[in-house]
Amino acid sequence: MGNLKQQKCDACTGDSPAVTEEEISKLHPEISEWSVKEENGEKRLERVFKFSDFKSALNFTNKIGEEAENQEHHPALLTEYGKVTVTWWTHAIQGLHRNDFIMAAKTDEIAAKSK
């Protein structure tokens, strides 16, 4: 599958294919700390990142936002004192696309540099 964090997101439309269960099983090991969850019938990737204070959590949130803008693919972000919950899914297809796995890997890389 290749190194996800080095890949770029492709533009998605409502016709873009969601990843299959087989593809999820191949991609998920590269982002093993992420949970595959289902909410409102949509599969999503979610991970909670811990920080020592709000300022560090907010800084991390802003870095994710910058990369999301660069890739034109945007997450749900919940920033709280000492933690950030990041959720990736593709709104246009109401589920998971390869882009979500790419962005989860990029988020992990940002987290590693933020510690």
Side-chain angles (χ1 to χ4, degrees):
M1 282 288 157
N3 192 343
L4 286 170
K5 68 184 176 188
Q6 295 176 347
Q7 296 177 29
K8 291 195 172 281
C9 291
D10 295 324
C12 273
T13 67
D15 295 334
S16 297
V19 290
T20 64
E21 290 298 324
E22 183 180 339
E23 289 170 319
I24 290 172
S25 68
K26 290 179 181 176
L27 293 167
H28 194 247
E30 288 193 58
I31 56 159
S32 61
E33 295 184 55
W34 290 76
S35 298
V36 178
K37 298 189 168 197
E38 192 164 313
E39 187 174 321
N40 300 322
E42 299 175 347
K43 284 195 168 130
R44 301 174 182 201
L45 298 174
E46 185 174 284
R47 183 172 174 196
V48 176
F49 294 87
K50 304 272 182 170
F51 297 91
S52 60
D53 55 31
F54 184 76
K55 185 176 181 180
S56 299
L58 185 59
N59 186 43
F60 177 68
T61 299
N62 289 331
K63 288 177 183 176
I64 294 169
E66 288 174 23
E67 186 61 28
E69 278 294 296
N70 289 339
Q71 297 288 326
E72 297 182 16
H73 192 61
H74 305 92
L77 298 165
L78 175 59
T79 305
E80 304 174 78
Y81 184 90
K83 73 178 182 177
V84 177
T85 304
V86 182
T87 309
W88 290 104
W89 79 102
T90 301
H91 302 82
I93 62 171
Q94 299 177 332
L96 289 175
H97 185 273
R98 182 176 184 83
N99 290 346
D100 301 303
F101 289 85
I102 291 169
M103 292 306 295
K106 289 180 182 296
T107 302
D108 286 346
E109 183 176 39
I110 292 167
K113 292 178 181 177
S114 297
K115 301 277 177 181

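The figures here come from the full heavy-atom set of this structure, side chains too, leaving out hydrogens, waters and symmetry mates.
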Apply the hydrophobic cluster definition, ILVMFWY joined by side-chain contacts under 4.5 Å directly or through others, and give me every member besides Y81. F54, L58
Just to verify, what does F60 make a ring pair (Phe, Tyr, Trp, His ring centres under 6.0 Å) with, not counting sequence neighbours?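 Checked F60 against ring pair (Phe, Tyr, Trp, His ring centres under 6.0 Å); matches are F49, F51.
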Go through the structure and list residues passing salt bridge (charged side-chain N to carboxylate O under 4.0 Å, His left out) with [X], not counting sequence neighbours.
{"X": "K5", "result": "none"}
{"X": "E39", "result": "R44"}
{"X": "E33", "result": "R47"}

Flag for T107-W34: side-chain donor and acceptor within less than 3.5 Å: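 No donor-acceptor contact under 3.5 Å links the two side chains.
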When rounded to the nearest 0.5 angstrom, what is the spacing between [atom1] in [X] and [atom2] in [Y]?
{"X": "M103", "Y": "K8", "atom1": "CE", "atom2": "NZ", "answer": "10.5 Å"}
{"X": "Q7", "Y": "F101", "atom1": "CD", "atom2": "CZ", "answer": "12.0 Å"}
{"X": "D10", "Y": "N99", "atom1": "CG", "atom2": "CG", "answer": "5.5 Å"}
{"X": "D100", "Y": "I31", "atom1": "CG", "atom2": "CD1", "answer": "9.0 Å"}

On a heavy-atom basis, the closest approach of P29 and S25 is CD-O, 3.2 Å
Using side-chain contact (heavy atoms from CB on, under 4.5 Å), reason through L78 and V84 one step at a time and then give a plain yes or no. CA-CA 6 Å; L78 175 59; V84 177; over 6 Å; no
What pairs of donor and acceptor atoms, side-chain ones from residues 63-70 against any protein atom, are under 3.5 angstrom apart with sequence neighbours left out?
from, atom 1, to, atom 2, distance (Å)
E67, OE2, Q71, NE2, 3.1
E69, OE2, H74, NE2, 2.7
N70, ND2, E66, O, 3.4

According to salt bridge (Lys or Arg N to Asp or Glu O under 4.0 Å), does anything in residues 49-62 pair up with another residue at least two apart or in another chain? List the pairs.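 Of all non-adjacent pairs touching residues 49-62, none passes salt bridge (Lys or Arg N to Asp or Glu O under 4.0 Å).
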Suppose the criterion is salt bridge (Lys or Arg N to Asp or Glu O under 4.0 Å): which pairs have a residue in residues 71-81, not counting sequence neighbours? E80-K83
Which residues satisfy the side-chain contact (heavy atoms from CB on, under 4.5 Å) test with [X], sequence neighbours excluded?
{"X": "A76", "result": "T87, W89"}
{"X": "S16", "result": "C12, T13, I93, H97"}
{"X": "E22", "result": "T20, K26"}
{"X": "E21", "result": "I24, K43"}

Taking the side chain as every heavy atom from C-beta outward, state whether L96 and L27 have any atom pair closer than 4.5 Å. no
Is L4 close to R98 at the side-chain level, that is, under 4.5 Å between some pair of heavy atoms?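 Counting from C-beta outward, R98 and L4 do come under 4.5 Å.
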